[in-house]
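In listed order, ligands and their atoms are each counted from 1. Small disclaimer: the values here were computed from a predicted structure and weren't measured.
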Amino acid sequence: MRLREALESDADELKDMYLRAFDESEAATVAAVALRFLSEESADPVLSLLAEEEQILGHVSFSPVYLSQTHRLIGYLLAPLAVHPDFQKKGIGSQLVKLGLDRVSSLGAGYVFVYGDPKYYERFGFEANKASPFIPPHPLQYPYARQGMILNENKTLKGGSITCSSAFDDPNMW
Ligand SMILES: CC(C)(COP(=O)(O)OP(=O)(O)OC[C@H]1O[C@@H](n2cnc3c(N)ncnc32)[C@H](O)[C@@H]1OP(=O)(O)O)[C@@H](O)C(=O)NCCC(=O)NCCS
């Protein structure tokens with residue numbers, strides 16, 4: 001299995017993988033975010049990683065997160081993440097998450113946030129109390145699902161409102 005950065009030319013296959021991995025109720029929305037990140041041009045680029053053999057097996061994005069008040073980059077939001085249903089529970093999701101965390105850590109990211117099942121994300125070291133000082137862009141439907149991790153500590157940063165990529169500027173995603 002190879003892990004590499006996703007390209008715009010991966011879009012069709014990536015979309016197909018997301019539509020298979022997620023429930024019908026949310027698959028199209030999540031796939032659209034993953035695809036949008038492939039072509040998004042921003043000052044702080046999105047990290048978009050995929051796992052592949054003969055086909056795409058899994059994918060993850062890490063998009064920039066800013067402190068709203070100062071527009072300073074403070075870290076990344078891990079989302080979306082998906083593994084093709086035929087290849088789940090083989091460690092592929094974990095490899096993608098770990099590689100992404102290494103990459104954004106070496107970019108100097110202070111925090112990584114995630115909004116998903118704590119039973120899955122706690123294995124990487126995500127904790128609810130690391131996210132709680134930061135106010136998300138929209139009210140949360142599942143507050144227990146919001147977690148964070150400190151990669152590079154900045155003792156002067158105590159918390160505040162955060163701004164995510166415009167791809168997540170939709171209250172239904174929170
Ligand atoms: C969640 C997902 C990315 C995990 O990928 P994966 O490659 O199967 O995960 P890994 O092989 O690295 O880890 C498997 C472990 O995670 C657990 N796990 C998988 N999905 C889980 C979930 N939603 N909640 C809790 N645990 C989960 C498995 O039970 C397994 O546990 P074990 O190690 O104790 O046996 C994959 O199941 C998936 O794509 N699910 C559908 C889409 C989705 O829910 N994405 C995440 C959105 S937050």
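- Distances from atom 2 (C) of ligand 1 to the protein include no heavy-atom value under 4.0 Å.
- Here the OG1 atom belonging to Thr163 is positioned 13.5 Å from the CZ atom belonging to Phe168, to the nearest 0.5 angstrom.
- Asn154 and Thr156 share a donor-acceptor pair across their side chains, judged by distance under 3.5 Å alone.
- The residue Tyr18 has no part lying near ligand 1, judged by heavy-atom distances below 4.0 Å.
- Between Tyr121 and Phe113, a ring centre-to-centre spacing not shorter than 6.0 Å is recorded.
- Taking all heavy atoms of Glu122, Gln88, Lys98 into account, the minimum distance to atom 37 (O) of ligand 1 is reached by Gln88.
- Of the options Lys89, His84, His59, the smallest heavy-atom separation from atom 8 (O) of ligand 1 is shown by Lys89.
- For atom 7 (O) of ligand 1, the nearest non-hydrogen atom of the protein is Gly93 N, 2.8 Å.
- A donor-acceptor distance shorter than 3.5 angstrom exists from the side chain of Asp170 to the backbone of Asn172, with no hydrogens or angles considered.
- Scanning the protein heavy atoms around atom 19 (C) of ligand 1, the nearest turns out to be Tyr120 CD1, 4.0 Å.
- Among all non-hydrogen protein atoms, the one lying nearest atom 41 (C) of ligand 1 is Ala21 O, 3.4 Å.
- A tilted orientation is assigned to the rings of Tyr142 and Tyr115, their planes being inclined by 30° to 60°.
- In the displayed structure, Asp86 atom CG is contacted under 6.0 Å by more than 12 heavy atoms of other residues, nucleotides or ligands.
- When hydrogens are left out, the protein atom nearest atom 5 (O) of ligand 1 is Val83 CG2, 3.5 Å; that is the closest non-hydrogen contact.
- The closest side-chain donor-acceptor pair between His59 and Ser48 falls under 3.5 angstrom.
- Interface of Gly116 with ligand 1, defined as ligand atoms under 4.0 Å from a residue heavy atom, comprises 48 (S).
- Here the heavy atom of the protein found nearest to atom 30 (C) of ligand 1 is Arg123 NH1, 4.1 Å.
- Counting the atoms of ligand 1 from 1 in the order shown, those under 4.0 Å from a heavy atom of Lys90 are 11 (O).
- With respect to atom 47 (C) of ligand 1, the closest heavy atom belonging to the protein is Phe22 CZ, 3.9 Å.
- Considering Asp16, Val83, Asp10 in turn, Asp10 is the only one that fulfils the side-chain contact (heavy atoms from CB on, under 4.5 Å) rule with Ile56.
- Note that atom 39 (O) of ligand 1 has protein non-hydrogen atoms nearby, at separations under 4.0 angstrom.
- Across Glu52 and Arg4, no two heavy atoms sit closer than the pair OE2-NE, 3.0 Å.
- Atom 11 (O) of ligand 1 has its closest protein heavy atom at Gly91 N, 2.7 Å.
- Looking at heavy atoms from C-beta onward, Met17 lies in side-chain contact with His84 at the 4.5 angstrom threshold.
- Looking only at protein heavy atoms, the nearest one to atom 22 (C) of ligand 1 is Asp117 OD2, 3.9 Å.
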